[in-house]
K.L.:
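My questions will all concern the structure given below.
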Amino acid sequence: MHEEALVSTQVSDGLTVLAVDDEEPALQELAHLLNEDHRVGTVLTAPDATEALRILGSRPGAGPGESGVDVVFLDIRMPGLDGLELARVLSAMASPPPVVFVTAHDDRAVDAYEIGAVDYLLKPLRSERLAGSIDRTIATRAQSRPMPARPAPQGPPARPEPPEDEVIPVELAGTTKLVPRSTVRFVEAQGDYARLHTTEGGHLVRIPLSVLEERWREAGFVRIHRAYLVSLPLITELRLSGSGYVVRIGHGPGAPELPVSRRHTAALKRILRGRPPREEGPTGPLARIR
């Protein structure tokens with residue numbers, strides 16, 4: 001039976017990490033890079049999902065439904081139970097550990113993020129990308145901790161907190177760029193891919209537009225056309241053109257104008273007329289509907 005590796009780093013009370021990969025060289029490389037991060041205290045290793053579950057079930061101090069580790073770095077393609085299936089098993093725990101996928105394949109990112117992965121790393125690994133995953137793990141753990149109870153506020157109810165900003169990994173020539181959702185102005189469908197149009201340019205990701213429509217609805221993105229998903233707060237104008245309605249995104253002579261399909265026009269008008277008015281400011285005047 002494969003023995004779990006316990007390797008201490010400079011911080012004795014750092015994160016406890018479980019690394020799972022069926023390829024021994026890749027597993028040892030991952031463990032080595034994890035041990036180089038001063039925030040990692042203990043690294044456990046497993047060659048497959050069965051051994052990983054055994055380790056998780058035997059961790060000292062772990063209660064029912066708890067894993068006893070702070071984060072799992074997980075390969076996807078493994079014999080038997082693969083990484084995605086193992087992640088689904090972990091997600092059923094009362095207190096599931098954050099999962100970071102580590103793989104040589106870029107075609108399962110959508111599945112990984114739908115499961116709730118903290119990050120998706122491509123091999124060969126780089127220490128700076130691994131450090132970014134640990135940053136996100138620490139942030140996720142901090143957000144999941146229960147907050148102390150507060151007295152009921154007096155007066156009108158507070159506005160709901162805005163959705164947490166999602167970060168989309170974009171691969172380009174061997175470099176992973178992290179694109180915050182808040183920088184995306186609109187998304188354009190391109191077959192099974194989607195192009196994220198941001199303030200800095202365009203980024204192609206292998207995520208269908210329908211998936212982003214569902215995931216980003218609460219963040220203020222609306223479908224205006226079978227080929228376009230737009231950030232609602234950035235719409236400054238809806239007007240009738242020669243071939244139908246178009247929306248204007250932002251201000252200035254270079255502001256893009258996108259077509260609105262007949263199917264989506266009525267719903268978009270209701271949304272724009274029903275939303276609270278915006279003050280004149282950095283985002284511009286109220287959206288105009290013609």
Side-chain angles (χ1 to χ4, degrees), residues 14-21 23 26-27 29-46 49 52 56 67 69-78 82-91 93 95-145 163-184 194 196 198 203-207 211-212 215-216 219:
L15 296 173
T16 297
V17 180
L18 173 60
V20 187
D21 198 315
E23 297 180 355
L27 183 59
E29 174 67 12
L30 174 57
H32 172 72
L33 291 174
L34 286 168
N35 277 308
E36 286 189 331
D37 193 297
H38 68 278
R39 295 165 295 179
V40 175
T42 301
V43 177
L44 313 172
T45 62
L56 294 172
S67 66
V69 303
D70 297 310
V71 59
V72 178
F73 282 77
L74 182 57
D75 188 22
I76 288 184
R77 297 189 179 179
M78 298 186 296
D82 70 18
L84 292 171
E85 292 167 335
L86 176 57
R88 292 188 181 97
V89 172
L90 299 181
S91 68
M93 291 181 169
S95 299
V99 171
V100 175
F101 285 103
V102 183
T103 177
H105 308 279
D106 64 356
D107 58 348
R108 306 305 297 274
V110 174
D111 296 327
Y113 283 108
E114 285 181 344
I115 291 174
V118 171
D119 208 347
Y120 189 92
L121 303 180
L122 288 178
K123 300 176 182 177
L125 291 176
R126 300 193 308 276
S127 57
E128 61 270 21
R129 278 291 284 124
L130 199 65
S133 294
I134 294 174
D135 288 339
R136 299 185 70 184
T137 295
I138 293 172
T140 299
R141 281 166 43 80
Q143 292 165 4
S144 64
R145 289 173 182 164
E164 180 186 355
D165 196 9
E166 182 180 341
V167 177
I168 306 94
V170 177
E171 299 295 331
L172 180 62
T175 299
T176 301
K177 180 179 178 63
L178 300 180
V179 179
R181 181 184 58 206
S182 57
T183 66
V184 178
L196 310 177
T198 72
H203 307 282
L204 194 64
V205 294
R206 192 169 183 173
I207 305 176
V211 172
L212 291 178
R215 278 168 47 181
W216 291 3

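Everything quoted here is computed from the prediction, not taken from an experiment.
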K.L.:
Of all heavy-atom pairs between Thr103 and Asp75, which one has the smallest distance, and what is that distance?
P.N.:
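Shortest heavy-atom contact: CA-OD1, 3.9 Å.
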
K.L.:
Supply the atom-to-atom distance Thr198 OG1 to Arg181 CZ, rounded to the nearest 0.5 angstrom.
P.N.:
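Output value for this atom pair is 14.5 Å.
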
K.L.:
Does the side chain of Pro97 come within less than 4.5 Å of Val71's, by heavy atoms?
P.N.:
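When only atoms from C-beta onward are counted, Pro97 and Val71 do not touch, as no gap falls below 4.5 Å.
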
K.L.:
Would Phe101 and Leu122 count as a side chain to side chain contact (heavy atoms under 4.5 Å, CB included) here? Give the steps.
P.N.:
CA-CA 8 Å; Phe101 285 103; Leu122 288 178; over 6 Å; no

K.L.:
Can you name the nearest heavy-atom pair linking Ala46 to Leu27, along with the distance?
P.N.:
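Minimum heavy-atom contact is O-CD2, 3.8 Å.
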
K.L.:
Go through it in stages, so that I can follow the logic: the residues are Leu212 and Leu196, the test is side chain to side chain contact (heavy atoms under 4.5 Å, CB included), and I'd like the CA-CA distance, side-chain angles, deciding distance and then a yes or no.
P.N.:
CA-CA 10 Å; Leu212 291 178; Leu196 310 177; 4.0 Å; yes

K.L.:
At their closest point, which heavy atom of Pro96 faces which heavy atom of Ser91, and how far apart are they?
P.N.:
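What the structure gives for the nearest pair is CB-CA, 3.9 Å.
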
K.L.:
So which heavy atom on Met78 is nearest to which on Asp21, and how close?
P.N.:
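Between these two residues, the closest heavy atoms are SD-CA, 4.2 Å.
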
K.L.:
Determine yes or no for a side-chain-to-main-chain donor-acceptor pair under 3.5 angstrom, with Arg39 supplying the side chain and Ile138 the backbone.
P.N.:
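Side chain of Arg39 to backbone of Ile138: no pair is present.
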
K.L.:
Please determine whether a side-chain nitrogen of the Lys or Arg among Asp82 and Arg88 lies less than 4.0 Å from a carboxylate oxygen of the Asp or Glu.
P.N.:
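The answer is no: the pair does not qualify as a salt bridge.
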
K.L.:
Kindly determine whether Val100 and Ile134 satisfy side chain to side chain contact (heavy atoms under 4.5 Å, CB included), including the steps that lead there.
P.N.:
CA-CA 9 Å; Val100 175; Ile134 294 174; over 6 Å; no

K.L.:
For Arg129 and Leu121, which heavy atoms make the closest approach, and how far apart are they?
P.N.:
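Taking every non-hydrogen atom into account, NH2-CD2, 3.2 Å.
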
K.L.:
If you round to the nearest 0.5 Å, how far is NZ of Lys123 from CD of Glu29?
P.N.:
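Here the interatomic distance stands at 10.5 Å.
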
K.L.:
Nearest 0.5 angstrom please: Glu85 CD to Ile76 CD1, how far?
P.N.:
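With rounding to 0.5 Å, CD (Glu85) is 11.5 Å from CD1 (Ile76).
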
K.L.:
Distance check, rounded to the nearest 0.5 Å: Ser133 atom OG versus Leu33 atom CG?
P.N.:
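Answer rounded to 0.5 Å: 11.5 Å.
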
K.L.:
How long is the straight-line distance from CG of Leu34 back to CD of Glu36, given to the nearest 0.5 Å?
P.N.:
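With rounding to 0.5 Å, CD (Glu36) is 9.5 Å from CG (Leu34).
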
K.L.:
Determine the minimum heavy-atom distance between Ala49 and Val20, stating which atoms define it.
P.N.:
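Nearest pair, atom of Ala49 first, then Val20: N-CG1, 4.5 Å.
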
K.L.:
Given Leu74, which partner from the list Val102, Leu18, Leu84, Val99 fulfils the side chain to side chain contact (heavy atoms under 4.5 Å, CB included) test?
P.N.:
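That would be Val99.
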
K.L.:
Counting N and O atoms only, with roles assigned by atom type, does the side chain of Asp70 sit under 3.5 Å from a partner on the main chain of Thr16, one being a donor and the other an acceptor?
P.N.:
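The answer is yes, because a donor-acceptor pair under 3.5 Å joins these two groups.
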
